[in-house]
Structure formats: structure tokens, C-alpha cells
Amino acid sequence: MTYTPEGDVYVSPRYLAGPDWCGDAGFVPVKHWPTVHLEDGPCQMLITSPDQRIRIGWYGDDFDVYKISASEDASSPTRWSATFNDSFPAEIVAAFTTALERDWDTRKEQDPFLEAPSPYWATRVQPLLDAGWKTQRLPGSVTLGNAGRSSRADGPFVDVTAPDGTAGVSIDVGSQDPDAETVLLWAGPSGWNRAEARFTSRTPAHLIAATAKALLDPAPVLRYREQLAPELAALAQLTPLTPPKPPAPTPLDIQRTQRRPPAITTRSVPRWSTTTSPPATALPPVGRAARR
């Protein structure tokens, strides 16, 4: 799998960039894993770890286009899952798949991608807390998200929000259900163009933290201006890939150029030519005639 970013504008912050309509950036870290392209069913492509315990599916026509899960072995039930919707930038999904691939490759003592999550909610979003994002505790409530999905169930919740309010994380700190989606990472305005990533309660904290840290990456990402949702374009900073050409000169500019006086030039002038006459040519002395 090869991936070359395309676009005509750089978008910053990157979490407001929206989709790139192919999702390839999220698969680059695991491009060397076995891949199956499927023709039937909602899953169009499936990438698995060599031992098939990690599964990364691409559901290009669904609301959640990335569906990622892990199991203790190839035939065991899913231990945890993570989903990224169709508005979530693939470059940030790549932070999650990078950490996941690293976990599988290192396998220190135990499989890091299967370790029990920390009981402390802060470990999931520590990079954001270190960056000064605001924290607020909220009571339990129900808020409908995109496509009628519930963004919240039972609480209480901890919300961590960017200083400008355009991104954040909501953590259900009261749920006891091991399969519940307890962490919601979001970016952008509410509505169909809001980016959302959801993690079930047994998702290792360091994988969520790696995704949260990617929100802070200052590097912009490429997008085509005409494909960027207006709601995102209004919030993001857009920088053209190619600087605009200087404006063509107007007729008045041309006239001003033509009216400029000629430049003053200098030339070498002999010193004697201005105040003195040239010196006379010296004649050879006349000698006396030799006597005979």
C-alpha cells in the first residue's frame, strides 16, 4: 500500500480537516500485515495482525468507517473495540494504528494491546491535560449524536475540552459495563461533520492516549478546498499549497514605470580635460656639433 497526501490547502488544526475520502493514511502503519479485500458485505477491506488477534476493518459506506478490535486469540470474543466515523481525519487514526502495531511487534512480558486499562481516567487523556485543556465534571445525561446515536448514556462524565472549544474528550467514569463505549473523542461542530472516535471500556489507556496526543500535533494536513465541509472551513486555518501569484500590473503601473527618468550614469574622464591643458610633449635635448 502506497499513500501520497493530496490537496490544495493545508488545514490546521488537523483535527478539523475532516475525511480525505480514501482513509489510506490510517492503514499505513500496518500496511505489511495480511490484507483481504472483500466484495460482499459492509466491510470492504480487512487487515489483521499475522496471528489474527487484531482486526482493522474499513467500512467505507457506513457511518463508522474504521472498526478496530482485539482478542486474546484468533477465535476468542472481542476484548475491546474502537470505531472512527467518516468525518475523523485518517492522519489521527494513524496514531492509533501506529501504537497498536508497535504493541504487537514488541510484546514485552504481556501483550500491551490486551492489558487491563488503568482505573484512573486521566491516563487516557494525559497529553491533553498536560497541554492545558479544560476539565469539567458533568452528571449523567443522554445527548443524541450523529445519525441519532446516543453520545451519552449513564454518567457521571468527565469532559476535557480544547481551549477554543473545537475538540474534546468525554469519559464515562461511572459505567461498569466492560463492553460499553465509555470514551468519546470528538472534534468540530455538532452535526454530520463532527469527527468522533469511540472506545469501549477495556481499551488500553495508552492506545487512547496516543490518539489524544495526535490531536495536539501542530503539523497541518492536506485537503482539497472544495471537498472541505463549510462548517470545518469556518473554524480551521487554511493555507494554500501554492502561494498565490502576484497580481498583474495595471495600466497605471505600466505608465509610472515608463515615466521614470533615465538612470544617471558615470564615465571615465581624464583629469586634465576639465581645468588644465594637456602637458607639452618633451623634446630631446639638442647637442653641440662634434668637432672634427
Side-chain angles (χ1 to χ4, degrees), residues 1-5 14-15 17 19-38 43-60 62 64-86 88-118 123-128 169 181-183 185 187 195-219 221-222:
M1 176 187 298
T2 58
Y3 169 70
T4 302
R14 57 173 42 202
Y15 54 72
D20 64 354
W21 307 109
C22 70
D24 289 348
F27 297 107
V28 170
V30 292
K31 63 182 180 181
H32 54 290
W33 283 4
T35 302
V36 177
H37 294 273
L38 306 172
C43 183
Q44 300 171 10
M45 182 175 69
L46 181 65
I47 295 180
T48 65
S49 58
D51 58 7
Q52 298 186 349
R53 293 191 296 162
I54 298 174
R55 296 169 292 279
I56 305 172
W58 170 254
Y59 296 72
D62 285 3
D64 292 323
V65 293
Y66 292 94
K67 297 182 181 180
I68 305 172
S69 62
S71 304
E72 294 184 6
D73 56 61
S75 60
S76 296
T78 297
R79 182 177 180 87
W80 59 260
S81 63
T83 59
F84 299 83
N85 76 347
D86 55 358
F88 209 91
E91 293 84 354
I92 300 179
V93 179
F96 186 87
T97 54
T98 295
L100 197 56
E101 191 278 336
R102 186 184 304 117
D103 278 4
W104 186 89
D105 189 55
T106 55
R107 299 189 181 191
K108 295 179 180 178
E109 297 180 0
Q110 61 177 348
D111 296 314
F113 62 89
L114 294 177
E115 67 183 19
S118 170
T123 58
R124 297 171 172 85
V125 292
Q126 194 61 52
L128 305 182
V169 182
E181 293 178 333
T182 57
V183 179
L185 192 156
E196 294 185 355
R198 298 169 183 271
F199 307 90
T200 56
S201 58
R202 289 190 291 185
T203 305
H206 71 279
L207 295 179
I208 301 175
T211 312
K213 184 178 180 180
L215 298 178
L216 305 173
D217 190 338
V221 296
L222 271 175

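Distance alone, capped at 3.5 Å, is enough to place a donor-acceptor pair between the Asp20 side chain and the Cys22 backbone. Of the possible polar contacts, one joining the Arg79 side chain to the Leu114 backbone as a donor-acceptor pair under 3.5 Å is found. Checking side-chain atoms of Ser49 against main-chain N and O of Ile54 turns up a donor-acceptor pair under 3.5 Å. A donor-acceptor pair under 3.5 Å links the side-chain atoms of Thr97 to the main chain of Gly26, judged by distance alone.
The side-chain hydrogen bond (donor to acceptor under 3.5 Å, both in side chains) check on Tyr15 picks up Thr166, with sequence neighbours excluded. Scanning for side-chain hydrogen bond (donor to acceptor under 3.5 Å, both in side chains) contacts around Ser71 gives Arg55, with sequence neighbours left out. Applying the side chain to side chain contact (heavy atoms under 4.5 Å, CB included) criterion to Val65, with sequence neighbours excluded, gives Trp58, Asp86. With sequence neighbours left out, the side-chain hydrogen bond (donor to acceptor under 3.5 Å, both in side chains) criterion links Ser75 to Asp73. In this structure, the side-chain hydrogen bond (donor to acceptor under 3.5 Å, both in side chains) partners of Trp104, at least two apart in sequence or on a different chain, are Asp51.
Side-chain atoms of Arg124 and Pro117, non-hydrogen and from C-beta on, do get closer than 4.5 Å to each other. At least one side-chain heavy atom of Phe113 sits under 4.5 Å from a side-chain heavy atom of Arg53. Val183 places none of its side-chain heavy atoms less than 4.5 Å from the side chain of Thr203.
With rounding to the nearest 0.5 angstrom, the CD1 atom of Ile56 is 9.5 Å from the CD atom of Glu101. Considering CG of Asp62 and NZ of Lys67, their distance stands at 5.0 Å, rounded to 0.5 Å. Note that CD of Gln110 and CG of Asp103 are 10.0 Å apart. Values are rounded to the nearest 0.5 Å. Note that the CD atom of Glu196 and the CG atom of Asp64 stand 8.5 Å from one another [nearest 0.5 Å]. Note that CH2 of Trp80 is 12.5 Å distant from OG1 of Thr182, once rounded to the nearest 0.5 Å. Between Glu72 atom CD and Asp111 atom CG the span is 9.0 Å, to the nearest 0.5 Å.
Taking both residues in full, the closest heavy atoms of Ala205 and Ser118 are given as CB-N, 4.2 Å, listed atom of the first, atom of the second, then distance. Here the closest non-hydrogen pair linking Leu38 and Cys43 is CB-O, 3.3 Å. Of all heavy-atom pairs between Pro112 and Pro204, the closest is O-CG, 3.8 Å. The two residues Pro29 and Thr98 come nearest to each other via the heavy atoms CG-OG1, 3.1 Å.
Between Phe96 and Phe88, the ring centre distance reaches or exceeds 6.0 Å.
Under the ring pair (Phe, Tyr, Trp, His ring centres under 6.0 Å) test applied with Phe27, the options Phe84, Tyr66, Trp33 reduce to a single match, Tyr66.
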Less than 3.5 Å apart, which donor and acceptor atoms pair up between the side chains of residues 207-218 and the rest of the protein, not counting sequence neighbours?
unit_1 : atom_1 : unit_2 : atom_2 : d
Thr211 : OG1    : Leu207 : O      : 3.0
Asp217 : OD1    : Ala219 : N      : 3.0

- Start with the C-alpha distance between Thr200 and Glu181, add both sets of side-chain angles, then the distance that settles side-chain contact (heavy atoms from CB on, under 4.5 Å), and finish with yes or no. CA-CA 4 Å; Thr200 56; Glu181 293 178 333; 4.2 Å; yes
